[in-house]
Amino acid sequence: MQSVPAHASGGCACMSAVGLRQLAASGRHHKALALLRHTLLFYPQPPIPIASLLPSALLAAAALSLPAAAFHLHAISLKSGLLPSDAYVLTTVVTAYSRLRLLPLACRLLDELPAAEIATSAFNALICGHALASSPSPAALATFRRMRLAGVPFDDVTFLALLPAAPPASIPPLHGVAFRSSLVFAPSVSNCLLSCFSRIGAVDVARQLFDEMPDQRKDLVSWNAMISCYAQNGLAHQVLAFYDKMKESTSVEPDAITLIGVLSSCANLGAHSIGRRIESFINQKDSYASNTHIKNALINLHAKCGDLARARKVFDEMHLRTIVSWTAIIAGYGMHGHGDEALFLFDKMLEEGIKPDEVVMVSVLSVCSHVGMTDKGMEYFASMKTVHGIMPSREHYACMVDLLGRAGQLKEAWDLIVSMPMEPDSPIWGALLGACKIHKNVELGELAFEKVSKLDPTNVGYYVLLSNIYSDAGRLDGVARIRAIMKQNGLKKDPGCSYVDYKGKVHLFMADDHSHPQANRIYKMILQLEAMVKNDNRVYRNKTTENLPLTGIHSEKLALTFGLLNTESGEEIVVIKNLRVCEDCHHFMKTVSHIVNRKFIVRDASRFHHFEGGACSCKDYW
DNA sequence: GTAGGGTTAG
């Protein structure tokens with residue numbers, strides 16, 4: 001007959017282990033730790049079934065941010081002789097320290113052991129810890145090397161932890177390792193590799209990986225990863241094409257993640273009718289009704305497609321708003337020129353106790369810059385460090401250079417760049433260059449160009465900006481020089497294009513484009529409008545047009561005129577343009593809005609312009 | 001019992 005205590009204790013410990021796991025899994029970590037304390041009272045002596053209790057308890061300590069509890073449990077693990085040999089306990093100690101932001105302790109633990117004796121799972125946990133602490137993480141890669149050198153087998157989990165944190169240059173060789181070890185054949189690993197190549201901008205390699213996956217191994221995640229790949233690399237047209245392809249495929253059904261990728265591409269393209277179709281599909285599904293990510297994508301869609309009221313409606317009707325929702329609506333008001341409402345919402349967000357992050361601060365600063373609230377922008381920039389504890393990044397500096405530069409404070413913008421604690425990047429110098437164009441400063445423009453063309457030599461926009469600076473200053477020698485450099489480097493100016501999403505179809509126009517079926521009617525009307533604009537004394541007061549060289553018909557004039565010809569008064573016209581609208585076209589549109597007594601909206605590369613009654617919502621500040 | 005892939009805002 002078994003001794004009663006032994007039998008009873010075994011059963012009780014077993015129950016404790018189950019109970020602890022359940023408590024930890026359901027988030028009741030305090031109860032889990034209390035149960036462990038209670039159990040330990042009955043089992044003061046090792047080696048007892050503590051082995052089965054420690055992992056859950058360690059994770060509970062990490063979840064509760066209780067380093068002292070983790071130290072205690074670590075000590076128990078050592079005292080009971082479970083460490084260093086018990087793989088489960090070793091792995092969870094590493095995980096607990098990683099999650100408690102005590103990565104050095106996790107490192108030391110494994111550093112002191114012979115690598116060959118460390119279990120795969122413990123190495124995986126450490127790689128994961130490195131990934132958690134920083135990304136990209138050379139240390140994660142170094143841990144993987146140590147593992148391989150010691151001959152410790154790696155598995156799919158190793159790759160899933162390592163790949164997202166791997167430095168860009170190590171992705172192709174890791175792909176090779178995954179291939180040789182046959183791990184690429186695990187769908188999760190190939191999906192992960194796919195998104196890694198996406199992250200480093202290797203879209204073609206990502207697509208190749210997708211195409212090489214046998215159909216039965218392509219799952220929903222593979223399709224979504226490919227859609228995100230196109231979306232994040234700015235290939236919105238490919239997203240829509242790929243989405244169509246996905247709908248044809250019988251093996252997968254789009255889910256919320258698919259739709260989010262597609263919606264964001266519709267937003268970037270201004271493809272409002274496709275976006276609205278997806279929205280009505282979404283509204284039919286109850287399961288999406290409370291999906292915050294979807295709602296955020298819809299706010300972004302409507303705002304970027306010109307329907308701010310609808311964006312606001314989605315925002316107002318949300319049950320749970322995250323900082324992303326706030327950022328989307330704030331940026332929306334900003335790009336439509338409603339700086340006051342945007343900043344009011346930001347203050348409201350703070351009142352609701354939401355802590356601002358780097359991203360929302362970028363939006364707030366760019367709102368200030370777009371609407372010319374220079375002082376307000378300076379205040380917010382200063383408050384980042386002093387009030388919110390956010391260190392300004394290059395992106396924030398770029399906003400500030402833009403803010404000061406647009407306002408004509410070129411010297412202050414320059415001083416800010418010089419005072420930066422990190423090396424300025426091309427968008428920062430580009431912002432200064434743009435400001436020099438607005439304020440016609442050749443000397444500083446040349447300086448900014450010199451910097452920016454070293455950092456981003458193939459970006460045509462910068463050459464065009466400097467060329468326009470020279471042109472405005474009557475420096476034709478400069479214009480010729482830039483043109484020569486561009487030719488020498490094989491750089492071509494991005495062609496301007498504009499389009500209107502009319503009755504579900506996109507009508508695209510290039511400059512001087514005659515290919516549209518209605519081209520004759522459109523040009524005839526433009527000529528009439530141009531003549532009327534020249535004679536319009538009311539808006540014409542601020543001269544300029546007469547002296548402008550006739551540079552052909554820009555695409556936005558064609559798209560707008562198409563819109564005017566095909567819609568009734570009161571109907572929405574949204575023109576979307578890939579580049580910034582020029583002064584001549586801007587003046588033309590203001591005047592036309594007065595002459596034909598219509599409202600219309602133009603989205604250019606940087607913001608929205610609402611034209612009505614001879615004026616623009618940007619107040620000529622863009 | 002431990003380690004883990006694809007999602008939104010700029």
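Here is the naming used below: chain letters follow the sequence lines, and residue numbers restart at 1 for every chain. Because only heavy atoms are used, hydrogens play no part in the values below, and waters and symmetry mates are left out as well, while side chains stay in.
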Measuring to OP1 and OP2 of [N], would you say a side-chain N or O of [X] lies under 4.0 angstrom away?
| X | N | value |
| --- | --- | --- |
| A:Asn300 | B:dA9 | yes |
| A:Asn296 | B:dT7 | no |
| A:Lys218 | B:dG6 | no |
| A:Arg99 | B:dA3 | yes |
| A:Gln232 | B:dT8 | yes |

Item checked: Member of A:Arg276, A:Glu279, A:Lys313 meeting the side-chain hydrogen bond (donor to acceptor under 3.5 Å, both in side chains) criterion with A:His302 ->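 Passing option: A:Glu279.
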
Specify the separation, in whole Å, of atom [atom1] of [X] and atom [atom2] of [N].
| X | N | atom1 | atom2 | value |
| --- | --- | --- | --- | --- |
| A:Leu298 | B:dA9 | CG | C1' | 13 Å |
| A:Asn124 | B:dG1 | CG | C1' | 16 Å |
| A:Ile278 | B:dT8 | CD1 | C1' | 15 Å |
| A:Ile294 | B:dT7 | CD1 | C1' | 9 Å |
| A:Asp255 | B:dT8 | CG | P | 12 Å |
| A:Asn291 | B:dT8 | CG | C1' | 9 Å |
| A:Ile390 | B:dG10 | CD1 | C1' | 13 Å |
| A:Phe242 | B:dG6 | CZ | C1' | 13 Å |

Note to self: Does A:Val221 reach a base, just sugar-phosphate, or nothing at all? Heavy atoms under 4.0 Å.
What the structure shows: base

Notebook entry, point to check: What does A:Ser121 touch in the nucleic acid at a heavy-atom separation under 4.0 angstrom: a base, only the sugar-phosphate, or nothing?
Noted result: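 Base contact - A:Ser121 has a heavy atom under 4.0 Å of at least one base atom.
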
Proximity to the side chain of [X] - top-ranked nucleotide from [options]:
| X | options | result |
| --- | --- | --- |
| A:Thr91 | B:dT2, B:dG10, B:dT7 | B:dT2 |
| A:Lys304 | B:dA3, B:dG10, B:dT7 | B:dG10 |
| A:Asp86 | B:dA9, B:dT8, B:dG1 | B:dG1 |
| A:Leu160 | B:dG6, B:dA9, B:dG5 | B:dG5 |
| A:Asn191 | B:dG1, B:dG5, B:dT8 | B:dG5 |
| A:Val157 | B:dA3, B:dG6, B:dT7 | B:dA3 |
| A:Val362 | B:dG10, B:dA3, B:dT7 | B:dG10 |
| A:Tyr88 | B:dA9, B:dT2, B:dG6 | B:dT2 |
| A:Ser188 | B:dG5, B:dT2, B:dG6 | B:dG5 |
| A:Asp156 | B:dG4, B:dT7, B:dG5 | B:dG4 |

Next item on the list: Have a look at A:Cys305 and tell me which of A:Asp307, A:Leu308, A:Leu301 forms a side-chain contact (heavy atoms from CB on, under 4.5 Å) with it.
Entry: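 Filter result, single survivor: A:Leu301.
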
Notebook entry, point to check: A:Phe179 vs A:Phe185 aromatic rings, parallel, tilted or perpendicular, using cut-offs 30° and 60°?
Noted result: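 Tilted, since the angle between the ring planes falls between 30° and 60°.
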
Check: Got a salt bridge between A:Asp204 and A:Arg207, using NZ or NE/NH1/NH2 to carboxylate O under 4.0 Å?
Finding: no

Margin query: Determine whether a donor-acceptor pair (one donor, one acceptor, N or O, separation below 3.5 Å) exists between the side chain of A:Thr92 and the base of B:dT2.
Written below: no

Next item on the list: Would you confirm whether the ring centroid of A:Phe346 sits within less than 6.0 angstrom of the ring centroid of A:Tyr333?
Entry: no

Checklist line | Rounded distance [0.5 Å steps], CZ in A:Phe71 versus CG in A:Leu105 | finding: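 Taking CZ in A:Phe71 and CG in A:Leu105, the distance rounds to 5.5 Å.
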
